[in-house]
2 protein chains.
Amino acid sequence: MGVTLKDIAFTLGLSPSTVSRALNDHPDINEQTRKSVKQLAKKMNYQVNKMASGLRTRKTYAIGVIVPKIASHFFSSVLSGIQKVAGSNDYQVYICQTNESTKQEIKYISSLMAGSVDGILVSLAKGSKNLKHIKQIIDGDMPLVLFDRTSDQFKVPKIEAEDFKGAYRAVTHLIEIGCKKIAHLAGPDNLGASHNRLLGYKQALIDNKIPIDEKLIIPCDFDPEKGREAVRNLISGPIDIDGIFSVNDEIGVEVILALQAMGINVPQQVAVVGFGDFPICEIVMPHLSSVMHNPYRIGYEAAECLFDQINSSQKGKNFRHIIPSQLVIRESSRRS
Amino acid sequence: MGVTLKDIAFTLGLSPSTVSRALNDHPDINEQTRKSVKQLAKKMNYQVNKMASGLRTRKTYAIGVIVPKIASHFFSSVLSGIQKVAGSNDYQVYICQTNESTKQEIKYISSLMAGSVDGILVSLAKGSKNLKHIKQIIDGDMPLVLFDRTSDQFKVPKIEAEDFKGAYRAVTHLIEIGCKKIAHLAGPDNLGASHNRLLGYKQALIDNKIPIDEKLIIPCDFDPEKGREAVRNLISGPIDIDGIFSVNDEIGVEVILALQAMGINVPQQVAVVGFGDFPICEIVMPHLSSVMHNPYRIGYEAAECLFDQINSSQKGKNFRHIIPSQLVIRESSRRS
DNA sequence: CTGAAAGCGCTTACAG
DNA sequence: CTGAAAGCGCTTACAG
C-alpha cells in the first residue's frame with residue numbers, strides 16, 4: 001500500500017535523503033526542489049511512516065494518559081481537551097483506564113515507560129498511596145504532568161481544579177443562606193482534589209467562627225451509595241444538620257434523592273451544594289447547586305504543559321496550575 | 001534507557017536472532033535456551049520495541065476508533081469495552097473524536113489509513129451521508145467494523161443495539177398502559193440506530209392497530225433542546241398526546257422536565273419512555289423508563305469482531321450482530 | 001538448533 | 001545544495 005520516500009525520490013530523480021529533507025523543511029534545501037517534492041508527495045498521498053521515523057529519531061509521536069475511568073463526565077471531558085492539544089501537535093493519545101486499581105496503574109506505567117510514548121499524563125487511582133511507580137516515571141526522565149488527582153510528593157507540574165477556593169465559596173454560600181450545621185461528604189484524603197475541598201470546607205467554617213465538628217465530615221470515597229448511607233445516619237442520629245457540601249455531584253444528587261425519600265425538604269430544611277457542575281445538576285429536582293470547574297480546560301492545559309516539556313526537553317518544573325472555578329447557585333441552596 | 005535484543009544476546013553469548021526466536025516461542029528453539037533467555041529478559045526488564053518490530057512485520061499493534069463524542073455516557077462505555085479487548089490482545093487504541101463532523105471523520109480516516117493502525121472501528125457522525133471515506137477503508141483492505149451508528153450501504157460487520165425490538169417493546173408497553181396517541185421524538189434518519197428505533201415504533205403501532213400519524217414523529221437530531229421545543233409544540237397544538245417515546249434518554253429527560261414545567265403530570269397525563277438506560281434515568285423525577293442496551297458489550301463485541309479479522313486476515317463478513325436490550329419500567333410510565 | 005545477513009522506511013552526520 | 005552510507009531494533013528466509 002504505502003508510498004515511501006524512495007518512490008518519490010525515484011520519480012523525481014532525487015535521493016531519499018533530499019526528499020526527506022525537503023519534506024521536513026530542512027533549511028539547506030533548494031526552494032524549487034522543496035516545492036516539487038511537496039507537490040508530488042501530496043499528489044501521491046504520501047504519509048510518513050511513523051514507525052520508521054520514530055525508530056530513527058527515538059520519538060513515538062504518542063503520549064499516554066492514565067485515568068481512573070473513561071466513562072465519566074469529568075474524565076471524558078478532560079480527555080477531549082487532551083485530544084485537542086495532542087491532535088494539533090500531531091500526536092496520538094494512548095488512553096489507559098485503571099478502574100481505580102493501583103495494580104493496573106503500575107502495569108500501564110511500566111508498559112508506557114518501555115518506549116511507547118514521549119510523555120505521560122496521570123490522574124491517580126483513588127487507592128494509590130504507595131507511589132513508587134510515579135517516581136519511576138520521573139527517574140526515567142519521562143515528561144510527566146499530574147492532573148486533578150495529584151500528589152504533593154512529587155516536584156512536577158500539576159493541573160488542578162480550583163478545589164480549595166471552590167469548596168470555600170460553596171460552604172460560605174451555605175453559611176450565608178443561614179446554615180449553621182454543615183456536613184461534608186468527603187472524598188479519599190490522599191488525593192489532592194478531595195483533600196483541598198476538605199480544607200476549603202474547614203477554612204470557610206473557621207472564617208465564619210463555626211466550630212469544626214469531625215463527626216460532620218464523612219468519607220464517602222466517591223461512592224454515591226456511601227453518600228446515601230451517610231445521609232441516613234446524619235439524619236437519624238442526634239445531630240441536626242441544615243446543610244451538606246458534597247465532594248462531587250454524583251454524591252450530591254444522591255444526597256438530594258435520599259433526603260427527599262426521608263421526607264426532608266431541600267433546600268428549606270437541608271440545603272445541598274455539590275462540586276463539578278455535571279449535567280445531572282439540572283436534572284435532579286430541585287436542581288443542584290454546584291462548583292463549576294472546567295474539565296475540558298484541565299485536560300487542555302495539562303496536555304499543553306506536557307508538550308512544553310516534550311518540545312523543549314526541559315524537565316517539568318514543580319508548579320501547581322489552578323483552573324478557576326465558579327459557584328453556580330440553583331434551587332438546592334436557594335431559600336426564599 | 002532501553003534494553004535491546006542485542007544486550008540480552010551479548011550477556012548470554014547468543015545471537016540476536018536466537019534471542020528473538022526464544023522470546024517469540026519459535027518451535028525450533030532449544031528448551032533450555034528459551035528458558036534462560038526469558039529469564040534474563042525478565043530480569044533485565046526487557047520490553048520489545050514495538051516500532052522496530054512493527055516496521056519489520058508491518059503490524060502496528062494499534063487499532064483506531066472513530067466516535068462522534070467521547071464525553072458521553074454511551075460512547076465512553078463503548079470505549080471501555082473496546083479498551084478491554086484491545087488490552088488483552090496487547091493492542092493500543094487510538095481514539096478519534098469527530099464531534100459529529102464529517103470533515104473530521106474523513107481526516108481521521110485518511111490519517112489512520114496511512115499505516116498507523118491494523119484495523120478501524122467506526123460509529124458514524126450524525127451528518128455523514130456521503131460515505132466515500134468508509135468505502136476507502138474497505139477498498140484499502142483495512143479491517144473494519146461499524147458499531148451503533150452504522151449504515152446498510154456496506155457489506156461489513158455491524159454491531160448494534162437491539163434498536164428495533166427495544167423500541168417495539170417500549171411502545172407496546174406505552175400502549176398497554178393505555179396510551180392512544182404516542183409521539184416519537186426521533187433521531188437522524190440516516191443512522192441505523194435511530195432509523196431502527198423509528199421502525200420499531202411504527203411496527204408497534206401497526207400491530208396494535210393504531211394509525212401512524214406522521215405529525216407525531218418529530219426529528220430531534222439527538223438535540224435535547226429540540227426535544228423541549230417539540231414537547232412545547234405538541235402540547236400547545238391541537239393534538240392531544242398521552243405518551244412519548246424518545247430516541248434517547250437525554251431527550252427523554254428533557255421531555256419530562258418540559259412537561260412538568262407546563263404543569264402536565266407524568267405519567268398520568270403523558271407517559272414517557274426513553275432509550276439507553278443512562279444513569280440520569282434514576283435521577284430525574286419521576287424516574288424515566290428506558291430501554292437498557294449495553295454499551296460496554298457493544299464495544300467489547302465490536303472489538304472482538306475486529307480482532308477476528310486482524311488475526312485471521314480474513315475480510316469481515318457482511319453481518320449484523322445485535323446486542324440484546326431490555327425494557328426497564330420506572331415511574332415515568334407506571335400508572336396506578 | 002543456531003547464526004549471519006538483509007531489510008523494513010526513515011533520518012542525519014559526513015563528504016563533496 | 002545534494003547524495004551515499006550507516007544505523008535505529010527487530011524479524012526471518014537462508015544456510016549450515
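Residue numbers start from 1 in every chain, and the chains themselves are labelled A, B, ... in the order their sequence lines are given, proteins ahead of strands. What's counted below: heavy atoms across the whole structure, side chains too, no hydrogens, waters or symmetry copies. Note that this is a predicted model, so its numbers are computed, not measured.
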Report the C-alpha distance between B:I109 and B:I134 in whole Å, list the side-chain angles of each, state the deciding distance to 0.1 Å, and finish with yes or no for side-chain contact (heavy atoms from CB on, under 4.5 Å).
CA-CA 8 Å; B:I109 286 175; B:I134 304 298; 3.9 Å; yes

A:I138 vs A:K155, side-chain contact (heavy atoms from CB on, under 4.5 Å): CA-CA, chis, key distance, verdict:
CA-CA 9 Å; A:I138 299 167; A:K155 297 199 191 319; over 6 Å; no

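Evaluation of the side-chain hydrogen bond (donor to acceptor under 3.5 Å, both in side chains) rule for B:E301 yields B:R297, B:H321 as partners, not counting sequence neighbours. For A:F154, there are no ring pair (Phe, Tyr, Trp, His ring centres under 6.0 Å) partners, not counting sequence neighbours.
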How does DNA chain C read in dot-bracket, base by base from 5' to 3', with Watson-Crick or G-U pairs under 3.5 Å and | used when the partner is on another strand?
|||.||||||||.|||

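Atom CG of B:L12 and atom P of C:dG3 are 10 Å apart (whole Å). Between B:F10 atom CZ and C:dA4 atom C1' the separation is 18 Å, expressed in whole Å. For the pair B:D28 CG and C:dT2 P, the interatomic distance rounds to 9 Å; values are reported in whole Å. Spacing between atom CG of A:N30 and atom P of D:dT2 amounts to 5 Å, rounded to whole angstrom units.
Within residues 31-39 of chain B, the residues that place at least one heavy atom under 4.0 Å from DNA chain C are, in residue-number order, B:T33.
Side-chain contact check for B:N190 and B:K126: no donor-acceptor pair (N or O, by modelled atom type) lies under 3.5 Å. For the residue pair B:K35 / B:N30, no side-chain donor-acceptor distance below 3.5 Å is found, with atom types taken as modelled.
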Contact state string [nucleotides 10-16 of chain C, B base, S sugar-phosphate only, - no protein heavy atom under 4.0 Å]
BBBBB--

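In the displayed structure, A:F10 atom CZ is contacted under 6.0 Å by at most 12 heavy atoms of other residues, nucleotides or ligands.
With A:T57 contributing its side chain and A:S53 its backbone, the two residues share a donor-acceptor pair below 3.5 Å.
Using cut-offs of 30° and 60° on the angle between ring planes, the pair A:F75 and A:F147 is perpendicular.
Residue pairs that meet the salt bridge (charged side-chain N to carboxylate O under 4.0 Å, His left out) test with at least one member in residues 134-149 of chain A, sequence neighbours left out, are A:E100-A:R149, A:K135-A:D139, A:D141-A:K315.
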